[in-house]
Q: 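Please read through the structure below; I'll follow up with questions.
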Amino acid sequence: MKNYWLGNTSLPKTFWPLIIFILIYFCVIHSGILSKYIDSLGFYIFADMLGVVLSFFIMASIWRSANNYIENKIWPILSKIFVIGIVTYSLYKSYFMWIFPDLINNIF
């Protein structure tokens, strides 16, 4: 974990495992699979807040690893853009969705 946090792991070894983990996490939480077993709004709010914390950890790890990546200039840029999208999604699902419930419906 320390090597991930400090960006000492190579970009491909940092990006793929962490992105696959967070995508699976969000898919399980937001797909409705757990709604058959867990019907607590508090659980989903906690899970979304945990997703924000995990997203910021992943963002910092990938960002630092991308800064150390020197082989090709496009991969660090694409990985940073992708991570910003993940963090934005997690912030929306955990905070903005509850504060501004009609935000997306009014825009589109």
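Values in this document were obtained by computation on a predicted structure and should not be read as measured data.
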Q: Using 0.5 Å steps for rounding, measure from the OG atom of S55 to the CG atom of D48.
A: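 So the gap between those two atoms works out to 10.0 Å.
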
Q: Check whether any side-chain heavy atom of I22 lies under 4.5 Å from a side-chain heavy atom of I86, and answer yes or no.
A: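 Side chain of I22 against side chain of I86, heavy atoms only: contact under 4.5 Å found.
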
Q: So how far is it from K13 NZ to N8 CG, rounded to the nearest 0.5 Å?
A: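 Reported value, rounded in 0.5 Å steps: 13.0 Å.
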
Q: Any chance you could measure S61, atom OG, to L54, atom CG, to the nearest 0.5 Å?
A: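 Rounded to the nearest 0.5 Å, the OG-CG separation comes out at 10.5 Å.
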
Q: According to the ring-ring contact (aromatic ring centres under 6.0 Å, His included) rule, which pairs have a member within residues 17-36, sequence neighbours left out?
A: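 For residues 17-36: F26-H30, F26-Y89, H30-Y89.
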
Q: Would one find more than 12 heavy atoms of other residues, nucleotides or ligands at under 6.0 Å from atom CG of N72?
A: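 Atom CG in N72 is crowded, with more than 12 foreign heavy atoms closer than 6.0 Å.
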
Q: Do F82 and F15 come within less than 4.5 Å of each other through their side chains, counting heavy atoms only?
A: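 A side-chain contact exists here, since the closest heavy-atom pair is under 4.5 Å.
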
Q: How many angstroms lie between atom CD1 of I33 and atom CD1 of I38, to the nearest 0.5 angstrom?
A: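 Between atom CD1 of I33 and atom CD1 of I38 there are 11.5 Å.
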
Q: Please find the pair of heavy atoms, one from S90 and one from G51, that lie closest to each other, and give the distance.
A: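 Closest approach of S90 to G51, heavy atoms only: CB-O, 4.1 Å.
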
Q: Drop me the distance from L23's CG to L18's CG, to the nearest 0.5 angstrom.
A: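 So the CG of L23 and the CG of L18 are separated by 11.0 Å.
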
Q: Using the rule that two of Ile, Leu, Val, Met, Phe, Trp, Tyr join whenever any of their side-chain heavy atoms come within less than 4.5 Å, decide whether I77 and I19 are in one cluster.
A: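 Each belongs to a different hydrophobic cluster.
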
Q: When rounded to the nearest 0.5 angstrom, what distance separates CG in N3 from OG1 in T9?
A: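 Here the interatomic distance stands at 4.5 Å.
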
Q: What I'd like to find out is whether the side chain of Y4 reaches to under 4.5 Å of the side chain of S65, using heavy atoms alone.
A: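 Not in contact.
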
Q: Can you list every ring-ring contact (aromatic ring centres under 6.0 Å, His included) pair that touches residues 43-63, not counting sequence neighbours?
A: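 Sorted result for residues 43-63: W5-F57.
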
Q: What's the shortest heavy-atom distance between A47 and I29, and which atoms?
A: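 The pair with the smallest heavy-atom distance is CB-CD1, 3.7 Å.
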
Q: Please determine whether residues M1 and V53 belong to a single hydrophobic cluster, defined as Ile, Leu, Val, Met, Phe, Trp and Tyr linked transitively by side-chain heavy-atom distances below 4.5 Å.
A: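 M1 does not cluster with V53.
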
Q: Establish whether L41 and L34 are linked, either directly or via other cluster members, by ILVMFWY side-chain heavy-atom contacts under 4.5 Å.
A: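 L41 and L34: one cluster.
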
Q: Do the side chains of Y69 and I81 join up, straight or via other hydrophobic residues, at under 4.5 Å, putting them in one cluster?
A: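 As far as the 4.5 Å side-chain criterion goes, I81 and Y69 are not connected within one cluster.
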
Q: Grab the two heavy atoms, one from R64 and one from G7, that are nearest each other, plus how far apart they are.
A: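 In this case the closest contact between R64 and G7 is CB-CA, 3.8 Å.
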
Q: Find out if a path of hydrophobic residues (ILVMFWY) with successive side-chain heavy-atom gaps under 4.5 Å connects I70 to W75.
A: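 Shared cluster, no.
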
